[in-house]
Number of protein chains: 2
Amino acid sequence: MSASTRPERDPQDTVSRILDAAEVLFAEHGFEGTAMRALTARAGVNLAAVNYHFGSKEGLFQRIFQRRLAELNRQRVQALDEAEARSAGGVLKASELMDCFFGPALDMAADTEHGGHTFMRLLGRTYTEPAEFIRKFMAEEYAEVMDRYIAALYRALPEVPREEIVWRLHFMMGAVSYAISGIDALALISTRVNDDPALLKPRLTSFLLGGLRAPLPPEAGFA
Amino acid sequence: MSASTRPERDPQDTVSRILDAAEVLFAEHGFEGTAMRALTARAGVNLAAVNYHFGSKEGLFQRIFQRRLAELNRQRVQALDEAEARSAGGVLKASELMDCFFGPALDMAADTEHGGHTFMRLLGRTYTEPAEFIRKFMAEEYAEVMDRYIAALYRALPEVPREEIVWRLHFMMGAVSYAISGIDALALISTRVNDDPALLKPRLTSFLLGGLRAPLPPEAGFA
DNA sequence: CTATTATTCAAACGTTCGTTTCTGTTTCTC
DNA sequence: GAGAAACAGAAACGAACGTTTGAATAATAG
């Protein structure tokens with residue numbers, strides 16, 4: 001059994017096995033709550049493999065976000081590019097912009113076969129546990145796409161002050177993030193509800209559009 | 001220096017000093033990310049004090065939620081009771097219900113002097129890191145208030161299916177939670193924005209109402 | 001005052017953590 | 001096929017973790 005045995009493991013396999021296992025465990029137990037030994041055991045690799053391939057646990061965490069978040073925001077920018085090209089200089093409607101921005105995120109969240117859903121849950125978690133070492137990275141990754149969408153939304157809704165748009169985009173991202181983290185939090189507020197993921201997107205879209213186009217709040221601060 | 005020295009420490013002080021310090025650190029670094037030694041050092045108490053007074057780290061975590069969450073949901077039920085009494089059997093408007101439900105949360109989040117703001121940040125985190133031992137407790141704590149508000153919202157908006165109301169309440173809680181966690185996540189999406197906490201409440205309320213009253217999504221699922 | 005209880009404290013417990021080291025094995029290069 | 005580079009694997013590293021212990025001190029009751 002020397003010349004006939006095939007190599008038992010794909011050479012590039014170890015890295016992606018670690019990434020997949022880590023995505024699941026980080027999403028489930030958080031960064032601090034995930035032990036290297038549990039992680040490597042799930043991936044079926046040696047304990048030292050993470051440090052060898054990613055340098056450290058933090059390096060692994062960062063790499064997970066790189067491969068997913070870059071792709072997500074690339075899709076968002078591309079969707080906006082295409083929509084703007086289609087409109088030929090005209091102003092895009094807010095509903096179109098919403099589809100371009102949240103569509104890729106919701107599609108990724110609906111993908112349960114390639115880990116997209118898992119990553120979106122992890123992303124939702126990470127917004128609320130802003131580890132210092134990931135904050136700067138996230139800000140860079142989001143800078144371009146945010147600037148472009150805020151500008152486009154302002155053109156679509158000139159009657160809404162720019163600052164209000166920033167706030168409402170913030171609110172919307174919160175709603176989406178929770179909607180994706182989904183069943184867990186939903187079970188908190190009511191037992192047994194139809195959680196068909198195919199229905200989430202239209203539900204969420206109409207809710208978000210309603211919020212985005214809501215009447216402006218009464219101006220406070222006159223005293 | 002024997003008879004003249006006063007007792008140096010308030011007897012009940014240790015417990016609340018621990019609770020306050022833990023609230024801050026759990027909100028900042030999460031449950032797993034907070035070390036007992038860092039916690040007791042911040043509180044200025046002995047390392048063993050947490051286990052003595054709360055049994056365990058988990059016991060302390062649970063106690064934090066008991067003292068705040070019970071009060072929060074008590075205010076919500078009371079606000080609903082009073083509104084229903086005022087209306088004398090009439091149907092409450094959705095905007096009134098929103099004020100009753102989210103008002104106490106936003107007020108608590110605006111209280112930076114007694115730790116209310118810190119706790120609401122911790123609460124937002126905890127929704128997304130559903131530790132098994134806290135999930136059941138949260139569900140119990142929320143059961144009554146959720147049932148009552150969902151029923152009241154359905155009376156206010158009979159044209160919106162009950163299931164849609166549950167979803168939209170879910171979306172709204174997500175938006176509120178992110179809005180409260182606030183500046184941190186907001187800095188991600190745009191630099192320099194007016195973050196006056198007094199303006200948050202009206203901003204958020206109009207956004208939420210817009211979403212709650214939005215046109216229903218196109219019915220999917222005929223295929 | 002004495003006896004009892006409640007609390008504080010320093011020290012140590014055993015365990016688990018992320019990381020490193022070093023040896024063995026495979027894979028590529030010439 | 002020899003040498004170099006890349007990778008896998010077992011074992012150990014020191015540090016930090018949550019918790020426990022037992023003695024010292026403060027408060028309380030009879």
Side-chain angles (χ1 to χ4, degrees), chain A residues 1-65 126 129 131-134, chain B residues 1-26 28-65 129 131-134:
Chain A
M1 62 166 86
S2 57
S4 63
T5 54
R6 299 274 77 201
E8 299 206 3
R9 176 168 293 176
D10 194 339
Q12 180 62 9
D13 209 30
T14 298
V15 167
S16 49
R17 290 250 293 280
I18 292 174
L19 285 172
D20 292 342
E23 215 167 42
V24 172
L25 293 183
F26 284 153
E28 202 155 337
H29 305 111
F31 178 75
E32 316 260 11
T34 299
M36 300 281 287
R37 285 165 178 81
L39 200 162
T40 50
R42 183 188 178 98
V45 302
N46 187 269
L47 172 60
V50 170
N51 293 87
Y52 179 78
H53 288 286
F54 303 96
S56 67
K57 191 183 179 185
E58 291 196 356
L60 167 60
F61 194 76
Q62 212 152 333
R63 186 80 75 83
I64 291 175
F65 280 81
T126 308
E129 41 178 316
E132 287 80 354
F133 78 94
I134 210 74
Chain B
M1 59 169 85
S2 57
S4 64
T5 54
R6 301 272 77 202
E8 300 206 1
R9 177 168 294 177
D10 195 340
Q12 180 61 8
D13 210 28
T14 299
V15 167
S16 49
R17 289 248 294 280
I18 292 174
L19 286 172
D20 292 341
E23 215 167 41
V24 172
L25 292 183
F26 284 152
E28 201 155 338
H29 304 109
F31 178 74
E32 315 260 11
T34 299
M36 300 281 287
R37 285 166 178 81
L39 200 163
T40 50
R42 184 189 176 97
V45 303
N46 186 270
L47 172 61
V50 170
N51 294 87
Y52 178 78
H53 288 286
F54 302 96
S56 66
K57 191 184 179 185
E58 292 196 357
L60 166 60
F61 194 76
Q62 213 152 331
R63 185 81 74 82
I64 290 175
F65 279 80
E129 42 178 314
E132 287 81 353
F133 77 95
I134 209 74

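Every chain is numbered from 1 and lettered A, B, ... according to where its sequence line falls, protein lines coming before strand lines.
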- [ ] Measure the acute angle between the ring planes of A:Phe61 and A:Phe26, then classify it against the limits of 30° and 60° as parallel, tilted or perpendicular.
- [x] perpendicular

Could you state the atom-to-atom distance from [atom1] of [X] to [atom2] of [N] in whole Å?
X: A:Leu47; N: C:dG18; atom1: CG; atom2: P; answer: 9 Å
X: B:Phe26; N: D:dG18; atom1: CZ; atom2: P; answer: 9 Å
X: B:Leu25; N: D:dC17; atom1: CG; atom2: P; answer: 12 Å
X: A:Glu32; N: D:dA16; atom1: CD; atom2: P; answer: 14 Å
X: A:Ile18; N: D:dA8; atom1: CD1; atom2: C1'; answer: 11 Å
X: B:Asp13; N: D:dA27; atom1: CG; atom2: C1'; answer: 16 Å
X: B:Leu39; N: D:dT19; atom1: CG; atom2: P; answer: 11 Å

TODO: Please tell me if the side chains of B:Leu47 and B:Leu39 come closer than 4.5 Å, counting only heavy atoms from C-beta onward.
DONE: no

Task: Close approaches to DNA chain C from residues 51-65 of chain B, in residue order (heavy atom, under 4.0 Å) - done: B:Tyr52, B:His53

Could you state the interatomic distance from [atom1] ([X]) to [atom2] ([Y]), rounded to the nearest 0.5 Å?
X: A:Met36; Y: A:Ile18; atom1: CE; atom2: CD1; result: 8.0 Å
X: A:Phe31; Y: A:Glu58; atom1: CZ; atom2: CD; result: 5.0 Å
X: B:Arg17; Y: B:Leu19; atom1: CZ; atom2: CG; result: 12.0 Å

For [X] versus [Y], what's the shortest heavy-atom pair and its separation?
X: A:Ser56; Y: A:Val50; value: O-CG1, 4.2 Å
X: A:Thr126; Y: A:Phe65; value: OG1-CZ, 3.2 Å
X: B:Arg42; Y: B:Ala21; value: CD-CB, 3.8 Å

Open item on the list: Less than 4.0 angstrom between a side-chain N/O of A:Asn46 and OP1 or OP2 of D:dC7, yes or no?
Closed with: no

Task: Distance below 4.0 Å between B:Thr14 side-chain N/O and C:dT7 OP1 or OP2 - done: no

What's touching nucleotides 14-16 of chain C from the protein side, N or O pairs under 3.5 Å?
none

TODO: Test A:Thr40 against A:Asn46 for side-chain contact (heavy atoms from CB on, under 4.5 Å), laying out the working first.
DONE: CA-CA 6 Å; A:Thr40 50; A:Asn46 187 269; over 6 Å; no

Open item on the list: From C-beta outward on B:Ala48, which listed nucleotide comes closest to its side chain: D:dA12, C:dA12, D:dT21?
Closed with: D:dT21

Open item on the list: Classify B:Thr40 by what it touches in the nucleic acid, base, sugar-phosphate, or nothing, heavy-atom distance under 4.0 Å.
Closed with: nothing

